[in-house]
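Worksheet: one structure, shown below.
Per chain, numbering begins at 1; letters A, B, ... match sequence-line order. We use all heavy atoms of the structure for the numbers below, so side chains are in, but hydrogens, waters and symmetry mates are not.
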2 protein chains.
Amino acid sequence: MQKKQAATVINISSIKAACKDCSLRELCLPLGLSEPDLSALDKLIKRRRALKKGETLYRHGDPLRALYAIRSGSLKTTGLIEDGRAQVTGFYLPGELLGMDAINTDQHPCNAEALEISEVCDIPYAALEDLAQKVPGLQHQLLRIMSREIVRDEDMLMMLGRMTAEERLASCLMSFSRRLARLGDSVVEFKLSMSRQDLGDYLGLALETVSRLLSRFQDEGLVSVHGRQIVLRNITRLRSMAAGNGREHSAQA
Amino acid sequence: MQKKQAATVINISSIKAACKDCSLRELCLPLGLSEPDLSALDKLIKRRRALKKGETLYRHGDPLRALYAIRSGSLKTTGLIEDGRAQVTGFYLPGELLGMDAINTDQHPCNAEALEISEVCDIPYAALEDLAQKVPGLQHQLLRIMSREIVRDEDMLMMLGRMTAEERLASCLMSFSRRLARLGDSVVEFKLSMSRQDLGDYLGLALETVSRLLSRFQDEGLVSVHGRQIVLRNITRLRSMAAGNGREHSAQA
DNA sequence: CGTAGCTTTGAGTGTTATCAACTCTCGTGG
DNA sequence: CCACGAGAGTTGATAACACTCAAAGCTACG
């Protein structure tokens, strides 16, 4: 992408943007930190790591070294059952934090894989905990982010346990819309970075069901679908479905 | 239950057992704390609260005042969808901590209800965060417990998203067995404190399905069921089913 | 000991999975 | 530039697992 000059052959993994200059500052760990605290945090974030599509950030069983803040791109975390069944436990977008489930046992209990070219900031965990001990704002923010992860998982439990397939998909689309909006992107049009298989593994559905539902949503005027490009056409009704009103059958008045 | 004497009319909610005398110390927040840190923690735990069966500890929307450590009994947390569908997001046993999902927004996102007569310790959250700021061991333990909650939710996601009904039930029974074992109770025989409806709402199944599965497990010699009294008869096979080997159909070799 | 709630069991249905074939897209190399 | 191939996505037919509705049996508590 960039013009290459002789002197620019540098290791991309050593590139480092300061948190204070990062556009995601207000979504990420630094939220609420004062200037000096921020640069203390900055000092321990070792590097920015670039990931190719399909590359893994960590695998099940890897020791916890760091938490990861997403700068760009997107990742999925996946849990596996012996016979090959997979459950995607989360999709992660820029500004979101990854790896907190490893704190409990100091081992990652799932795999994390980039869905597209992505960049993550490496936040060494031991150092983070030490700093959080000294900086009240950081401890607070870390606890809040972990709590948010619990809430997100619980929302997902509701989805998987008690929602129909169409409610799940609507819920998922609205979730992307909401989270992209925080990044300043369009709320109504976006490109999915994951396959139908990944969506199915996230929603607890077969990939064919996801595909069929997207087609049906399109027929009903709820969305436009061109491969992974999505346009939300009837957000009101999608929101209603996502809230659990998907059982009154789409009597599109 | 107790003989009542004139002088014993005391407010049960003011009874307070010190953490250091608590049999659950090694399972709970105090794990790893030194003597002085322990008594600091003790000081902020205001009271022990008694709950009757069906009584709620907090409701969706209530402001976060405290986290709750279970001393005895059991509770469930429930999320609701508009039309009455319920998802039980967790069952909580003695030594376990409740309410961490409220830290994110300072409001409880679900209801917590006692499944039987129970006692909980009230841990005021603001004070806990302050103390964790001063006591590294406490911060560490709090982060670990929150991480464990994330892991537990993720395990549940796998269960709801990718396991069959029988795998889910086996998984649930093994989970109770494991957690009761930590309390020193029998690993093989226990009494469920929740109804079939609650189990169904937890497992993402209809209550009739839970009932039928328990009957079938009994027919197959996996368990003995007398109402809510459960005896695990073939833990090996139950464990195997819980791990996801429930699809090779019980060819009881 | 009666009643209300919980549990079991049965019959029939439906949503979603599975299996299968076909199409589309996109990147690669001839 | 176009042909090719592989992976991704769509669509159809069929089947299974779990749900719903229904009724009877059980338990426990007042």
| B:L214 CG to D:dA18 P, straight-line distance once rounded to whole Å | 14 Å

| said: For a quick check of understanding: with a heavy-atom distance under 4.0 Å over all strands, which category does B:S211 fall into, base, sugar-phosphate or nothing? | reply: base

| request: Compute both the distance and the angle, then confirm whether B:R152 meets the cation-pi test with B:Y92: under 6.0 Å from the six-membered ring centre, within 45 degrees of the axis. | output: yes

| said: For A:R148, is there an ion pair with B:D101 - N to carboxylate O distance below 4.0 angstrom? | reply: no

| query | The side chain of A:L207 lies closest to which of these nucleotides: C:dT8, D:dT10, C:dA17? | reply | D:dT10

| message | In this structure, how many angstroms lie between the C1' atom of C:dC26 and the NE2 atom of A:H226, rounded? | response | 17 Å

| message | Go nucleotide by nucleotide along DNA chain C from the 5' end; which of A:E208 and A:A165 gets its closest nucleotide reached first? | response | A:A165

| query | In whole Å, what is the span from the CG atom of A:L213 to the P atom of D:dT11? | reply | 12 Å

| said: Check whether A:S177 reaches the backbone of A:V188 with its side chain - one donor and one acceptor, N or O, closer than 3.5 Å. | reply: no

| message | Between A:T209 and C:dA17, is there a contact of a side-chain N or O with OP1 or OP2 at under 4.0 Å? | response | yes

| query | Just how far, in rounded Å, is C1' of D:dT27 from CG of B:L192? | reply | 16 Å

| said: Categorize A:G204 for me: base, sugar-phosphate, or nothing, with a 4.0 angstrom heavy-atom threshold over every strand shown. | reply: sugar-phosphate

| Nearest to side-chain heavy atoms of A:R228, which nucleotide of C:dT18, D:dG9, D:dT10 | D:dG9

| task | Measure from CZ on A:F217 to C1' on D:dT10 and round the result to the nearest Å. | result | 16 Å

| field | Side chain to side chain, B:R168 and B:Y202, heavy atoms closer than 4.5 Å | value | no

| note | Between CG of A:D201 and P of C:dA17 the distance, given in whole Å, is 11 Å

| field | Side-chain N or O of B:S215 closer than 4.0 Å to phosphate OP1/OP2 of C:dT9 | value | yes

| message | Please compare A:V225 and A:R162 by the position of their nearest nucleotide in DNA chain D and report the one closer to 5'. | response | A:V225

| task | Confirm from the modelled atom types if B:R196 and C:dG5 form a donor-acceptor pair under 3.5 Å, side chain to base only. | result | no

| query | Which whole-number value in Å describes the distance from A:Q229 CD to C:dC26 C1'? | reply | 16 Å

| Taking N and O atoms by type only, does the side chain of B:R212 place a donor or acceptor under 3.5 Å from a partner on the base of D:dT20? | yes

| remark: Paired with A:T89, the side chain to side chain donor-acceptor pair (under 3.5 Å) test is passed by just one of A:N111, A:D153, A:T77, namely A:T77

| query | Rounding to a whole Å, what distance do you find between A:L169:CG and D:dG9:P? | reply | 13 Å

